[in-house]
Amino acid sequence: MALTERINMPKVEEFQQDLISWFEAEQRDLPWRKDNDPYKVWVSEIMLQQTRVETVIPYFQRFLEKFPTIESFAEADEESILKIWEGLGYYSRVRNLHSAIKEVVANYGGKVPDQKEEILKLKGVGPYTAGAVLSIAYGIPEPAVDGNVMRVLSRILLITEDIAVPASRKTFEACARALMFEPNPSYFNQALMELGALVCTPTSPACLLCPVQKHCSAFEKGVQDQLPVKTRKKNTRHDELVAIVLQNEKGEFLIRKRPGKGLLANLWEFPNIETRPVLEPYETLQDFLMTKYSVDAEVTPESFTMVHHVFTHLRWTISAFSGKVVNGRLEEDERIRFVTEEEMGELAFPVSHQKIWQAYKSHVKYERENER
DNA sequence: AACTCGTGGTT
DNA sequence: TAACCAAGAGT
């Protein structure tokens with residue numbers, strides 16, 4: 001076939017044997033490897049998207065304690081699914097997962113589809129996740145090409161296609177298919193990823209410890225450090241914000257829910273505004289609170305903290321102020337509320353606003369100790 | 001195809 | 001420190 005003509009293929013059977021044997025001996029003991037229940041495999045794969053294993057472990061365990069069955073998660077409300085995802089990032093993952101799980105319960109009798117075309121229709125399930133679930137949960141020989149696999153295969157097969165270009169994933173899928181270990185697709189896919197995570201790492205790969213070293217074209221030529229080829233860089237935006245931790249007469253705090261689409265969708269936050277390029281139409285936080293929420297407030301002249309928060313594609317600098325309501329006429333609704341600290345604990349906040357809250361708490365504590 | 005979408009750890 | 005990276009998908 002064309003593939004084997006262009007690419008220097010290793011001896012497939014020997015390669016598979018070396019790879020699978022290594023995986024059986026060296027694989028990590030991870031919570032989602034205790035069984036191959038499709039629901040658990042699915043949840044773990046979504047959590048692991050662009051996220052480190054060590055970060056995911058506690059989230060995965062908490063998730064399954066709270067939602068042990070596919071039905072229990074399907075019945076959950078959005079507030080609680082965001083709360084369990086709080087701090088994990090990429091929050092649309094959990095909203096898509098929730099939507100997809102409800103779909104499975106409603107239309108597939110609670111059984112995760114084992115057909116590629118069907119599972120790919122589900123929200124949040126792309127080519128990687130489809131391959132991972134099909135192979136790990138059902139033993140179907142479908143490739144699961146993630147960043148690890150592209151890196152590993154680019155080295156073993158000396159593929160110089162730019163992995164930052166979406167279209168090149170097809171090449172790697174074809175290669176993974178050509179190398180697929182039919183008796184155990186689950187172990188084959190997981191072994192490639194595990195190899196990428198433990199041995200064939202992005203920088204300074206441990207080639208001397210590699211179980212498939214003798215099959216690796218990059219190692220043979222000594223070019224493993226130059227692969228994979230990955231171009232694209234990011235352009236980061238910088239936003240400056242001012243935020244307000246505002247208490248009413250009862251000591252409750254004003255919070256609002258972010259819009260249902262876009263960055264940090266539907267998470268709660270302290271009211272805030274951008275200060276650039278202009279601070280209009282509100283000159284101050286006091287005017288902002290009055291104009292937007294009809295709240296008459298007294299805001300401290302100095303901010304109590306400056307929070308820096310870095311996202312993948314943008315950066316926030318937040319000056320946080322505190323204040324008290326003088327005359328509240330605010331009408332609360334679904335997206336704007338006064339809540340106690342205890343009630344806040346039930347809601348999901350982005351990490352940037354958790355930083356503000358922590359700073360506020362220590363600020364208040366410091367003020368209190370200073371009075372004595 | 002390029003851009004958006006989080007967070008924490010490494011280099 | 002800034003850039004890069006980690007079991008990607010939606011638009």
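Numbers restart at 1 for each chain; the letters A, B, ... are given by sequence-line order, proteins then strands.
Side-chain atoms of A:Phe172 and A:Ile163, non-hydrogen and from C-beta on, do get closer than 4.5 Å to each other.
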If the sugar-phosphate is the primed atoms plus P, OP1 and OP2 and the base is the rest, what is the B/S/- string for nucleotides 6-11 of chain B, using protein heavy atoms under 4.0 Å? BBB---
Scan the side chains in residues 292-300 of chain A for donor-acceptor partners under 3.5 Å anywhere in the protein, sequence neighbours excluded, and list what turns up.
| unit_1 | atom_1 | unit_2 | atom_2 | d |
| --- | --- | --- | --- | --- |
| A:Tyr293 | OH | A:Arg256 | NH1 | 3.0 |
| A:Thr300 | OG1 | A:Glu302 | O | 3.2 |
| A:Thr300 | OG1 | A:Ser322 | O | 3.1 |

Show me the donor-acceptor pairs within less than 3.5 Å that the side chains of residues 304-320 of chain A make with the rest of the protein, sequence neighbours left out.
| unit_1 | atom_1 | unit_2 | atom_2 | d |
| --- | --- | --- | --- | --- |
| A:His309 | ND1 | A:Lys355 | NZ | 2.9 |
| A:Thr317 | OG1 | A:His238 | NE2 | 2.9 |

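Scanning for salt bridge (charged side-chain N to carboxylate O under 4.0 Å, His left out) contacts around A:Arg52 gives an empty result, with sequence neighbours left out. Applying the salt bridge (charged side-chain N to carboxylate O under 4.0 Å, His left out) rule to A:Asp225 yields no partners; only residues at least two apart in sequence or on another chain are considered. Residues passing the salt bridge (charged side-chain N to carboxylate O under 4.0 Å, His left out) test with A:Arg95, sequence neighbours excluded: none. Every salt bridge (charged side-chain N to carboxylate O under 4.0 Å, His left out) that A:Lys40 has, sequence neighbours left out, goes to A:Asp35.
For residues 125-135 of chain A, proximity to DNA chain C is found at A:Val125, A:Gly126, A:Pro127, A:Tyr128, A:Thr129, defined as any non-hydrogen atom under 4.0 angstrom from a strand atom. Shown for residues 20-31 of chain A: no residue has heavy atoms falling under 4.0 angstrom of DNA chain B.
For residues 55-69 of chain A, the side chain to side chain donor-acceptor pair (under 3.5 Å) pairs, not counting sequence neighbours, are A:Thr69-A:Ser72. The ring pair (Phe, Tyr, Trp, His ring centres under 6.0 Å) contacts involving residues 319-348 of chain A comprise nothing, where partners must be two or more places apart or lie in separate chains. Note on residues 258-268 of chain A: pairs passing side chain to side chain donor-acceptor pair (under 3.5 Å), not counting sequence neighbours, are A:Glu78-A:Asn266, A:Glu79-A:Trp268, A:Arg258-A:Glu269, A:Asn266-A:Arg335.
Taking the P atom of each, C:dA9 and B:dG8 are spaced 23 Å apart, rounded to whole Å. For the P atom pair drawn from B:dC5 and C:dA7, the interatomic distance equals 23 Å after rounding to whole Å. B:dC3 and C:dC4 have their P atoms separated by 15 Å, given to the nearest Å.
Going from atom CD of A:Glu173 over to atom P of C:dA7 covers 17 Å, rounded to whole Å.
Just one residue in the list A:Tyr360, A:Phe349, A:Phe270 forms a ring-ring contact (aromatic ring centres under 6.0 Å, His included) with A:Phe253, and that residue is A:Tyr360.
Summary of the strand contacts: A:Leu122 and A:Glu45 both lie near DNA chain C, and taking for each the nucleotide with the nearest heavy atom, the more 5' one is attributed to A:Glu45. Taking for each of A:Lys123 and A:Asp146 the nucleotide of DNA chain C with the nearest heavy atom, the 5'-most of the two is the partner of A:Asp146.
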